[in-house]
J.: 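Here it is, the structure in full.
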Amino acid sequence: MQVALLSTLEPSVDDPATPRGLLRLGGRSLVQHQLSVALALGCERVICLAEGLPGELIALQHVAERGGASFQVAADGRAVARMVKPDDEMLVIADGLIAPAATLRGLVGTRPGLLVQPVESGIAAGYERIDLNHAGGGAMRLPGRLAANLAELPGDWNPVSALLRIAVQAGLRQVVLPQALIDDGRWALIRSEAEAHRLEPRWLRLHTAGAESGASGGPGAWISARLVERLGPALLHAGTRPPLIAAGAGIVAMLGLGLAWFGAPSAGFVLLGLAWLVRRAAALLGRIDRATTGRRRGWLRPEALFGWLLDAGFVLAATWRFTRDAPAEDALLIGAFAALTTFGLLRLVPRAFARRRWASWFDDRLLASLALAAASLSEVFDLALMAAGLILLAGALAAAHDGTASEEPSPERLTPP
């Protein structure tokens with residue numbers, strides 16, 4: 001059985017009354033971040049070192065049980081020695097360590113071993129010295145039989161520190177922790193609330209990285225990522241969960257449709273674009289929330305459903321605006337056809353040309369809303385909407401032709417004998 005050993009015994013530097021593991025990063029305690037890592041690595045039992053049973057640990061137990069793992073609290077090393085069986089495998093994470101699950105899996109793997117780093121930088125960052133040249137790296141995988149040695153130590157010894165020395169004496173393999181992980185903030189030992197606040201912007205940036213590139217690119221995607229980095233810490237620490245922000249996006253979209261219906265289409269288009277921006281920010285915060293709680297995504301994709309409904313809102317607003325410039329009897333049908341064609345192509349182009357860097361910009365509804373708002377201020381909105389559909393269609397056909405031509409195999413060359 002795989003057993004994770006977490007800890008909340010070490011006090012924080014700036015407030016000895018607060019355990020280091022209960023400091024918060026991104027609205028979640030450090031030990032909860034560690035629990036999500038343990039669950040991601042397949043640990044079936046979690047042992048948490050703690051004095052007493054604070055409310056945070058009770059909430060942690062519920063998270064562990066929802067993840068399919070049992071949860072136990074131990075006061076000292078002797079209790080740990082009784083809980084761990086010789087044939088267990090232990091994943092030990094130092095008090096206050098923040099590390100991605102995928103990175104930890106890649107470094108330690110499935111074999112016993114401990115992470116080490118150069119002693120100068122390691123001690124300066126708060127890690128423990130293990131020999132003349134090395135300090136610990138904050139995590140290790142041990143055979144469960146080594147935990148029996150904790151029963152022979154005094155009760156006031158820190159079990160994580162003791163296991164580090166036991167592992168060194170047992171001659172377990174040592175894996176050097178890459179300095180790049182520490183430099184970019186992916187791997188950090190947090191000892192105080194001030195250090196948590198300093199790390200938080202970089203930590204959020206790691207979770208929003210890529211939101212403005214690839215299939216999610218565009219100026220609106222870039223803006224949503226920057227908003228999450230700037231406002232995310234305050235929202236997460238205040239307990240504002242992503243579904244609440246997503247509900248706010250829905251309210252903004254309804255206000256936009258109301259403005260479009262009552263004769264202010266330009267303002268309505270802008271609010272629809274802002275609704276898309278808020279919903280993207282909520283999706284990014286949801287990604288961070290799942291990473292810190294270990295919660296998996298369900299089969300339902302609310303952001304995808306919201307995207308379809310928002311496009312329907314754009315079509316309605318564009319149709320209403322179209323009929324104002326073309327009051328003919330069939331203007332409603334012509335406007336609806338033009339709007340549906342335009343937004344259908346806006347959905348088709350990014351998927352048909354997903355490998356093109358420019359294709360993702362057509363998914364950016366903030367750009368689309370600003371373009372529609374600008375066109376709505378003119379007297380030729382109907383012509384602009386139909387021209388947009390034709391331009392999208394012509395561009396898609398041209399790109400498809402170029403892609404087909406570039407993929408044609410070159411004729412085989414005959415080599416003379």
J.: Would you call Gln32 and Leu60 a side-chain contact if the rule is heavy atoms closer than 4.5 Å?
T.: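 Result yes, sub-4.5 Å side-chain heavy-atom pair found.
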J.: Arg347 and Asp363: salt bridge (Lys or Arg N to Asp or Glu O under 4.0 Å), yes or no, with the steps?
T.: CA-CA 7 Å; Arg347 281 195 164 267; Asp363 265 332; 5.7 Å; no
J.: For residues Trp276 and Ser369, determine if any side-chain heavy atom of one lies less than 4.5 Å from a side-chain heavy atom of the other.
T.: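 SC-SC contact between Trp276 and Ser369 ruled out.
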J.: Which atom names give the shortest non-hydrogen contact between Leu257 and Gly313, and what distance separates them?
T.: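 Nearest heavy atoms, Leu257 then Gly313: CD2-O, 3.4 Å.
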J.: Any donor and acceptor pair, going by atom type alone, linking the side chain of Arg165 with main-chain N or O of Ile130 inside 3.5 Å?
T.: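 Flag not set: sc Arg165 to bb Ile130 has no pair under 3.5 Å.
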J.: Does any non-hydrogen side-chain atom of Leu5 lie less than 4.5 Å from one of Leu163?
T.: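 They are in contact (side-chain heavy atoms under 4.5 Å apart), so the answer is yes.
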J.: Under a 3.5 Å distance rule, please check whether His134 uses its side chain to pair with a backbone N or O of Arg129 as donor and acceptor.
T.: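 No, His134 side chain to Arg129 backbone: no donor-acceptor pair under 3.5 Å.
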J.: In plain terms, say whether Arg365 and Asp311 are close enough for a salt bridge, that is, a side-chain N and a carboxylate O under 4.0 Å apart.
T.: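 So Arg365 pairs with Asp311 through a salt bridge.
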J.: Cation-pi check, Arg205 to Trp203: give yes when NZ or CZ is under 6.0 Å from the six-membered ring centre and within 45° of the ring axis, no otherwise.
T.: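 No, a cation-pi geometry is absent between Arg205 and Trp203.
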J.: Mark yes or no for whether Glu195, through its side chain, and Arg191, through its backbone, hold a donor-acceptor pair below 3.5 Å.
T.: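 A pair under 3.5 Å: yes.
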J.: How many angstroms lie between CE in Met140 and CD1 in Ile166, if you round to the nearest 0.5 Å?
T.: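 One finds 8.5 Å between CE of Met140 and CD1 of Ile166.
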J.: Pick out which of Gln34, Arg20, Glu56 makes a side chain to side chain donor-acceptor pair (under 3.5 Å) with Ser29.
T.: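 Passing option: Glu56.
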J.: Applying side-chain contact (heavy atoms from CB on, under 4.5 Å) to Leu146 and Leu172, what does each step give before you reach the verdict?
T.: CA-CA 11 Å; Leu146 294 182; Leu172 264 63; 4.1 Å; yes
J.: Rounded to the nearest 0.5 Å, what's the gap from CG on Leu164 to CG on Leu114? Could you check?
T.: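 If we round to the nearest 0.5 Å, Leu164:CG and Leu114:CG are 6.5 Å apart.
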J.: Could you grab the distance from atom CZ of Arg198 to atom OG of Ser192, nearest 0.5 Å is fine?
T.: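 The OG atom of Ser192 is 6.0 Å from CZ of Arg198, to the nearest 0.5 Å.
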J.: Could you tell me if the side chain of Arg45 sits less than 4.5 Å from the side chain of Met83, heavy atoms only?
T.: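 A side-chain contact under 4.5 Å exists here.
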J.: Looking at every non-hydrogen atom in both residues, tell me the closest pair between Leu385 and Gly335 and how far apart they are.
T.: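 For Leu385 versus Gly335, the nearest heavy atoms are CD2-O, 4.3 Å.
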J.: Just wondering, more than 12 heavy atoms not from Glu193 lying within 6.0 Å of its CD?
T.: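 Not more than 12 within 6.0 Å, no.
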J.: Any salt bridge between Lys85 and Asp87, counting N to O under 4.0 Å?
T.: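 No salt bridge links Lys85 with Asp87.
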J.: So does Leu9 get a backbone contact from the side chain of Asp95, meaning a donor-acceptor N/O pair under 3.5 Å?
T.: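 Here the side-chain-to-backbone pair exists.
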J.: Check whether any side-chain heavy atom of Trp187 sits under 4.5 Å from a side-chain heavy atom of Leu107, and report yes or no.
T.: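 Trp187 vs Leu107: side chains touch.
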J.: Could you please spell out the steps behind the salt bridge (Lys or Arg N to Asp or Glu O under 4.0 Å) verdict for Asp184 and Arg202?
T.: CA-CA 8 Å; Asp184 63 15; Arg202 283 199 297 166; over 6 Å; no
J.: Taking side chain as C-beta onward, heavy atoms only, is Ile251 less than 4.5 Å from Met254?
T.: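 Not touching, per the 4.5 Å side-chain cut-off.
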J.: Which heavy atom of Gly138 sits nearest a heavy atom of Leu97, and at what distance?
T.: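 Closest approach of Gly138 to Leu97, heavy atoms only: O-CD2, 3.3 Å.
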J.: If we check side chain to side chain contact (heavy atoms under 4.5 Å, CB included) with Ile47, which of these qualifies: Val92, Val84, Leu6?
T.: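 Among Val92, Val84, Leu6, the one meeting side chain to side chain contact (heavy atoms under 4.5 Å, CB included) with Ile47 is Val84.
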J.: Can you say whether the rings of Phe343 and Phe314 are parallel (under 30°), tilted (30 to 60°) or perpendicular (over 60°)?
T.: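 Rings of Phe343 and Phe314: parallel, under 30°.
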J.: Can you check side-chain hydrogen bond (donor to acceptor under 3.5 Å, both in side chains) on Glu44 and Ser70, steps first, answer last?
T.: CA-CA 7 Å; Glu44 305 160 88; Ser70 61; over 6 Å; no
J.: Is a side-chain donor or acceptor of Ser376 paired with a backbone partner of Leu372 at a separation under 3.5 angstrom?
T.: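 Pair absent, no side-chain N/O of Ser376 close to backbone of Leu372.
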J.: Within this structure, what is the OG-CG distance for the pair Ser224 and Leu277, rounded to the nearest 0.5 Å?
T.: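 Ser224 OG to Leu277 CG: 6.0 Å, rounded to 0.5 Å.
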J.: Going through the checks in order, is the side-chain hydrogen bond (donor to acceptor under 3.5 Å, both in side chains) test met by Glu10 and Asn158?
T.: CA-CA 9 Å; Glu10 290 287 338; Asn158 185 301; 3.1 Å; yes
J.: Pair Phe71, Val63 - check side-chain contact (heavy atoms from CB on, under 4.5 Å), show working.
T.: CA-CA 9 Å; Phe71 186 86; Val63 174; over 6 Å; no
J.: Just how far is it from atom OG1 of Thr341 to atom CG of Leu348, taken to the nearest 0.5 Å?
T.: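 That separation rounds to 11.5 Å.
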J.: Determine whether a donor-acceptor pair (N or O, by modelled atom type, separation under 3.5 Å) exists between the side chain of Arg186 and the backbone of Asp183.
T.: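 No.
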J.: Do other residues, nucleotides or ligands put more than 12 heavy atoms under 6.0 Å from the CZ atom of Arg111?
T.: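 Incorrect, the count does not exceed 12.
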J.: Testing the basics here: between Ala373 and Val270, what is the closest heavy-atom pair and its distance to 0.1 Å?
T.: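 Residues Ala373 and Val270, closest heavy atoms: CB-CG2, 3.9 Å.
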J.: Taking all heavy atoms of Val46 and all of Ala69, pick out the closest pair and write down the distance.
T.: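 Scanning both residues, the minimum pair turns out to be CG2-CB, 4.4 Å.
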J.: Any sub-3.5 Å donor-acceptor pair from Thr8's side-chain atoms to Leu49's backbone N or O?
T.: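 Such a contact is found between Thr8 side chain and Leu49 backbone.
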J.: About how many Å separate CG of Leu204 and CG of Leu285, when rounded to the nearest 0.5 Å?
T.: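 With rounding to 0.5 Å, CG (Leu285) is 8.0 Å from CG (Leu204).
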J.: Tell me if a side-chain donor or acceptor on Gln117 pairs with a main-chain N or O of Gly136 at a distance below 3.5 Å.
T.: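 Side chain of Gln117 to backbone of Gly136: a pair is present.
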J.: Show your working on side-chain contact (heavy atoms from CB on, under 4.5 Å) between Ile123 and Tyr127 and close with a plain yes or no.
T.: CA-CA 5 Å; Ile123 292 179; Tyr127 297 89; over 6 Å; no
J.: Between Asp88 and Val3 (side chain of the first, backbone of the second, donor and acceptor by atom type, cut-off under 3.5 Å), is there such a pair?
T.: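 Between the backbone of Val3 and the side chain of Asp88 there is no qualifying donor-acceptor contact (under 3.5 Å).
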J.: Might you work through the side-chain contact (heavy atoms from CB on, under 4.5 Å) test for Gln2 and Arg141, ending with a clear yes or no?
T.: CA-CA 10 Å; Gln2 296 191 61; Arg141 185 182 290 277; 3.3 Å; yes
J.: I need the minimum non-hydrogen distance between Ser7 and Val31, along with the two atoms involved.
T.: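 For Ser7 and Val31, the tightest heavy-atom pair comes out as O-CG2, 4.5 Å.
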J.: Looking at side-chain heavy atoms only, is the closest gap between Val175 and Val116 below 4.5 Å?
T.: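 Val175 does not reach Val116 side chain to side chain.
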J.: Taking atom CD of Gln179 as the centre, report whether more than 12 heavy atoms of other residues, nucleotides or ligands fall under 6.0 Å from it.
T.: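 Buried by this count: over 12 neighbours within 6.0 Å.
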J.: Within the 4.5 Å heavy-atom criterion, are Leu23 and Ser12 side-chain neighbours or not?
T.: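 Result yes, sub-4.5 Å side-chain heavy-atom pair found.
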